[in-house]
Q: 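Please see the structure below; I have some questions.
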Amino acid sequence: MGVVTYTDEHTSPVPPARIFKASILDSHNLMPKLLPEAIKSIELIKGDGGAGSINQINFAGGFAKHQIDEIDEKAFTYKYTLIEGNGISDKIEKVSYDINFEGSPDGGSIAKMTTTIYTHGDFEIKDEELKAGKEKVLGLYKVVEAYLLKNPDAYV
C-alpha cells in the first residue's frame, strides 16, 4: 500500500463558526442548493451524523460515501474518509480528510486541510491528478464562501 499526504491552506473573510456550520454541519442542505447541476443530494445512510456515521453524496454522474471519523463543533474540526464510490477504484483504497477552521487576525478564518490517499500496491498518483482534486475541493469551498458573503445573516 502506498500513502500520499498533502496539506492545503485557504484564508477567508468569513469567521470559522459560519463557514463550519454552512460547509460541514449543514452541507446536506446547502450543497445541493448551491450546486444543483453537480450535487443531487446528500443523505445520512448510517448513524446520527456523529463519528461512525456514513453520508452518501449523489452526484449527477455517480456517488461517494463518506464515513465521519470525528466532528467537533467547538473546535471547528472535521475528519472523514471517502470509502466508496467516485474516487475509489482498484488503485485507490480510501482517501482521508482532516479539516480545521481557525480564526484569523482580521476576523475571518484559515481553513487547513490534510488529505491522505491510500493506494493499492505501488500505484503512484500523478501531480496533475492531485492538482485537479485540490481544485475541486477549493471550488466547493469558494462556492460556500461566496454564498456566505452574499448572505451575511446566514449561519450566524
Q: Is Phe123 linked to Tyr118 within one hydrophobic cluster, defined over Ile, Leu, Val, Met, Phe, Trp and Tyr using a side-chain heavy-atom separation of less than 4.5 Å?
A: no

Q: Please examine the side chains of Leu130 and Thr115, heavy atoms only from C-beta on, and report whether any two atoms are closer than 4.5 Å.
A: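 Side-chain contact under 4.5 Å: no.
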
Q: Fit a plane to each ring of His66 and Tyr97, take the angle between them on a 0 to 90° scale, and name the class: parallel (under 30°), tilted (30 to 60°) or perpendicular (over 60°).
A: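 It falls in the tilted class, 30° to 60°.
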
Q: Working to the nearest 0.5 Å, report the span between CD1 of Ile68 and NZ of Lys79.
A: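 Interatomic distance, Ile68 CD1 to Lys79 NZ, rounded to 0.5 Å: 14.0 Å.
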
Q: Do the rings of Tyr155 and Tyr147 sit parallel, tilted or perpendicular, given the 30° and 60° boundaries?
A: perpendicular

Q: Looking at Glu43, I want to see if its CD is surrounded by more than 12 non-hydrogen atoms of other residues, nucleotides or ligands under 6.0 Å.
A: yes

Q: Would you say the rings of Phe101 and Phe76 are close, in the sense that their centroids are separated by under 6.0 Å?
A: no

Q: Considering only heavy atoms from C-beta outward, does the side chain of Leu149 approach that of Val14 to under 4.5 Å?
A: yes

Q: Would a distance-only check, ignoring hydrogens and angles, find a side-chain to backbone donor-acceptor pair under 3.5 Å from Asn86 to Phe63?
A: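 Yes; at least one donor-acceptor contact below 3.5 Å.
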
Q: Please check: side-chain N/O of Thr119 versus main-chain N/O of Gly2, any donor-acceptor pairing under 3.5 Å?
A: yes

Q: Contact between Ile71 and Thr77 at the side-chain level, heavy atoms closer than 4.5 Å - yes or no?
A: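 Of all side-chain heavy-atom pairs linking Thr77 with Ile71, none is under 4.5 Å.
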
Q: Side-chain contact test, heavy atoms from C-beta onward, threshold under 4.5 Å: evaluate it for Leu148 versus Ile19 and give yes or no.
A: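 Result yes, sub-4.5 Å side-chain heavy-atom pair found.
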
Q: Calculate, to the nearest 0.5 Å, the distance between atoms CD1 and OG belonging to Ile99 and Ser23 respectively.
A: 7.0 Å

Q: Do the side-chain N and O atoms of Glu145 and Ser12 include a donor-acceptor pair separated by under 3.5 angstrom?
A: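 Yes, side-chain donor-acceptor contact under 3.5 Å.
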
Q: Between Val156 and Arg18, is any pair of side-chain heavy atoms under 4.5 Å apart?
A: yes

Q: Can you find a side-chain donor-acceptor pair between Asn58 and Ser41 that sits under 3.5 Å?
A: yes

Q: Could you check Ile54 against Ile83 for side-chain contact (heavy atoms from CB on, under 4.5 Å), going step by step and ending with a plain yes or no?
A: CA-CA 9 Å; Ile54 296 177; Ile83 56 171; 4.0 Å; yes

Q: May I ask you to decide if Asp26's main-chain N or O and Lys21's side chain share a donor-acceptor pair within less than 3.5 Å?
A: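 Answer holds: no.
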
Q: Crowded around Lys134 NZ? As in, over 12 foreign heavy atoms under 6.0 Å?
A: yes

Q: State, yes or no, whether a side-chain contact exists between Asp72 and Tyr78 at a heavy-atom distance under 4.5 Å.
A: no

Q: Can a donor-acceptor pair be found between the side chains of Ser104 and Ser109 at a distance below 3.5 Å?
A: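 The criterion, which ignores hydrogens and geometry beyond distance, is not satisfied for Ser109 and Ser104.
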
Q: With a cut-off of 6.0 Å (strictly less than), are more than 12 heavy atoms of other residues, nucleotides or ligands near CG of Asp106?
A: yes

Q: For the pair Ser53 (side chain) and Asp48 (backbone), establish whether a donor and an acceptor sit closer than 3.5 Å, ignoring hydrogens and angles.
A: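 Yes: the side chain of Ser53 pairs with the backbone of Asp48.
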
Q: Measure the spacing between NZ of Lys112 and CG of Asp98 and express it to the nearest 0.5 Å.
A: 11.0 Å

Q: Is there side-chain contact between His10 and Tyr141, with at least one heavy-atom pair below 4.5 Å?
A: yes

Q: Please tell me whether Val137 and Ile88 are part of a single hydrophobic cluster in this structure, the criterion being side-chain heavy atoms less than 4.5 Å apart.
A: yes

Q: State, to 0.1 Å, how close Ile117 and Tyr6 come at their nearest heavy-atom pair, and which atoms those are.
A: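 That would be CD1-CE2, 4.1 Å.
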
Q: Given the rule in the side-chain contact (heavy atoms from CB on, under 4.5 Å) test, do Val144 and Leu140 qualify, once you have shown the distances and angles that lead to the verdict?
A: CA-CA 6 Å; Val144 173; Leu140 292 172; 5.9 Å; no

Q: Measure the spacing between NE2 of His28 and CD of Gln56 and express it to the nearest 0.5 Å.
A: 15.0 Å

Q: List the atom of Lys40, the atom of Pro32, and the distance in Å for their closest heavy-atom pair.
A: O-CB, 3.9 Å

Q: Under the criterion side-chain contact (heavy atoms from CB on, under 4.5 Å), I'd like the reasoning laid out for Val4 against Thr116: C-alpha separation, chi angles, the key distance, then a yes or no.
A: CA-CA 6 Å; Val4 176; Thr116 305; over 6 Å; no

Q: Run the side-chain contact (heavy atoms from CB on, under 4.5 Å) check on His120 and Asp90 step by step: do they pass?
A: CA-CA 7 Å; His120 292 290; Asp90 60 339; 5.5 Å; no

Q: Verify, without hydrogens or angle tests, whether Glu135 (side chain) and Ala132 (backbone) share a donor-acceptor contact under 3.5 angstrom.
A: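 It does not hold such a pair.
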
Q: Provide the closest heavy-atom pair for Glu102 versus Asn100 in the form atom of the first, atom of the second, distance.
A: OE2-ND2, 3.0 Å

Q: Considering only heavy atoms from C-beta outward, does the side chain of Met31 approach that of Ile42 to under 4.5 Å?
A: yes

Q: Between Leu82 and Leu44, is there a shared hydrophobic cluster once you connect ILVMFWY residues whose side-chain heavy atoms come closer than 4.5 Å?
A: no

Q: Any chance you could measure Lys131, atom NZ, to Asp127, atom CG, to the nearest 0.5 Å?
A: 10.0 Å

Q: Return yes if some donor-acceptor pair links the side-chain N/O of Asn151 with the main-chain N/O of Ala154 below 3.5 Å, else return no.
A: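 Not at all, since once roles are kept as given, no pair shorter than 3.5 Å links the two residues.
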
Q: Are Thr81 and Asp69 linked by a side-chain donor-acceptor pair shorter than 3.5 Å?
A: yes

